[in-house]
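What follows is a single structure, written as structure tokens, with notes after it.
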Number of protein chains: 2
Amino acid sequence: MSTVKGARARARTEITAAIKDEARRQLAKEGAAKLSLRAVARELGMVSSALYRYFPSRDELLTALITDAYDSLGEAAESAHEAVAGAEPLVRWTAVCEAVRAWALAHPHEYALIYGSPVPGYSAPRTTVPAAARVGLVLIGIVRDAHERGELAVPPLPPELLGEAGRMTAELAPGLPSEAGAALVAAWAQLFGLVGFELFGHFNRVVEDREPFFRHAVVRLAHGVGLRPARPEGPGALTERT
Amino acid sequence: MSTVKGARARARTEITAAIKDEARRQLAKEGAAKLSLRAVARELGMVSSALYRYFPSRDELLTALITDAYDSLGEAAESAHEAVAGAEPLVRWTAVCEAVRAWALAHPHEYALIYGSPVPGYSAPRTTVPAAARVGLVLIGIVRDAHERGELAVPPLPPELLGEAGRMTAELAPGLPSEAGAALVAAWAQLFGLVGFELFGHFNRVVEDREPFFRHAVVRLAHGVGLRPARPEGPGALTERT
DNA sequence: CTCGAACGAGAGCACTGCTCTCTCTCGCGC
DNA sequence: GCGCGAGAGAGAGCAGTGCTCTCGTTCGAG
């Protein structure tokens, strides 16, 4: 139903897309702080006021870019996951995590937009939620699959966390052992801590050889949510007991 | 030598401090994006150009605030550590981590300034390094102490990470087992991942009861660097085998 | 005591987001 | 087939920004 529409509506969506494209280009080049509506309009050969027919404010444009960025990252994670669909859970977990890192390194300013400091007044609107959830859903899917194979061994939780963990699991990952929700959310936040620290320069002069460092950290995160290698594959590589 | 100085120099440092104070006030109220040199000057009863006698640019002012924020956070961590100086390493570890979280929740915009997206062109100047290192040094100290007590059990590393881990340990925490450096850096990044996610709203509608969640996650981080409870103190609270 | 350095004021430049008004044109409903 | 209104773009303008430059004044080190 959205394919057939008047020429006017078609032009509108086309121009909207062109504006977002140019904005994304500026975002990638200079960062969110220097994204200027006037510059976008200038580049598109229109006057700045005309742009307000498409986006009611600069923040609104940024919000659109945020949603797109979440989707782009989510898609990267999902396709990385599909590329190793047959492998054991631990391998898929690291593949997805490395896809997240790779996307972040390739799109630093977009990553900063979604996982850095919140730009506008506060907290992005509800529309971004589904896009933002995609990476998390992939990780949950991996853990669920491991659970169904009977390979999941989630570490125990202290008693004061059991209630909250059960609630989180019921809401995010129903069917999994009740400790899994809390473990997953923690791993999720820690994953982005690792990526963010590398991207924002906190690893400068600290971590040099980042690829193996990240890879190992991510395996440890997997252990934290209960994923274990089905059988050791490398001599010692994935066999730490913790 | 810095105590006795001319009235002019005294006035200069006083005014510099007043500018930073007012800037910090605006930063806390509106965030870094809306920090305006003109508004600071206005509030101080001076004209904007006069402010350039003290800070050559807005970015320079922000850099000063960044250093101060690192110092403030570092001091919070250090004094939290001193407050539990006698306790066993695991307790001290969680105390410091919780101090970091508390500071972040109390100073969200300053936290965003130092651990959110880098604001200016890129990567803060060298002057911020010592201030930025303070939290890390406290954590390293705790681990070192555990090591000297013979209570440290750092999990093994995959072979391809041994070289880099040794280098990191030698540079950051000489004397510790060579795996410790990598484990510490990973825990450090993950700690700030947890704090940042909570602060930037990624836990909204996901984690409700955040205090015990954070506490447990931080205990897990401690396990990751090799800290174990000397003897179980609560019934099961800190006794997960990981 | 003097002269230069430090200081503050003010005007001004180029830029920003955003609003308002004006005109024109396109295409939908009749 | 046509008229008219909604949608689109242009332009001027407002309030604000960072930053520069010039110009008196004033303070204090030599």
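If you're wondering where the values come from, they're calculated on a predicted model, not measured in any experiment. Numbered from 1 within each chain, the chains take letters A, B, ... in sequence-line order.
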Tabulate below the donor-acceptor pairs under 3.5 Å that side-chain atoms of residues 72-80 of chain A make, not counting sequence neighbours, or state none.
| residue | atom | partner | partner atom | Å |
| --- | --- | --- | --- | --- |
| A:Ser72 | OG | A:Trp103 | NE1 | 2.7 |
| A:Glu78 | OE1 | A:Arg134 | NH2 | 2.8 |
| A:Glu78 | OE2 | A:Arg134 | NE | 2.9 |
| A:Ser79 | OG | A:Glu75 | O | 3.2 |
| A:Ser79 | OG | A:Ala76 | O | 3.4 |

[X]: which residues meet the salt bridge (charged side-chain N to carboxylate O under 4.0 Å, His left out) condition with it, sequence neighbours left out?
X	answer
B:Arg24	B:Asp21, B:Asp68
B:Arg12	none
B:Glu211	B:Arg101

Take the protein atom [atom1] of [X] and the nucleotide atom [atom2] of [N], then report the distance between them rounded to whole Å.
X	N	atom1	atom2	result
B:Leu51	D:dT20	CG	P	13 Å
A:Tyr52	D:dG7	OH	C1'	19 Å
B:Arg58	D:dT20	CZ	P	14 Å
B:Glu14	C:dG8	CD	P	12 Å
A:Lys34	C:dA14	NZ	C1'	14 Å

Given protein heavy atoms under 4.0 Å, the one-letter contact record of nucleotides 11-16 of chain D, with B base, S sugar-phosphate only and - none, is simply B-B---
What string of B, S and - do you get for nucleotides 22-30 of chain D 5' to 3' if you count protein non-hydrogen atoms under 4.0 Å?
-> ----BBS--
Partner set under side chain to side chain donor-acceptor pair (under 3.5 Å) for [X], not counting sequence neighbours:
X	value
B:Glu171	B:Arg167
A:Arg53	none
B:His81	B:Arg92

The correct set of residues in residues 18-31 of chain A placing a heavy atom under 4.0 Å from DNA chain D is none
Look at the rings of B:Trp188 and A:Phe203 and say which category their plane angle falls in: under 30° parallel, 30 to 60° tilted, over 60° perpendicular.
-> tilted
From C:dA9, C:dG17, D:dC19, nucleotide with atom closest to B:Leu37 side chain = D:dC19
The ring-ring contact (aromatic ring centres under 6.0 Å, His included) partners of A:Tyr111 (sequence neighbours excluded) come to A:Tyr115
Taking OP1 and OP2 of D:dG9, is either one under 4.0 Å from a side-chain nitrogen or oxygen of A:Tyr54?
-> yes
Between B:Arg12 and C:dA6, does any side-chain N or O lie under 4.0 Å from OP1 or OP2?
-> no
Residue pairs fulfilling side-chain hydrogen bond (donor to acceptor under 3.5 Å, both in side chains) with at least one residue in residues 35-48 of chain A, sequence neighbours excluded = none
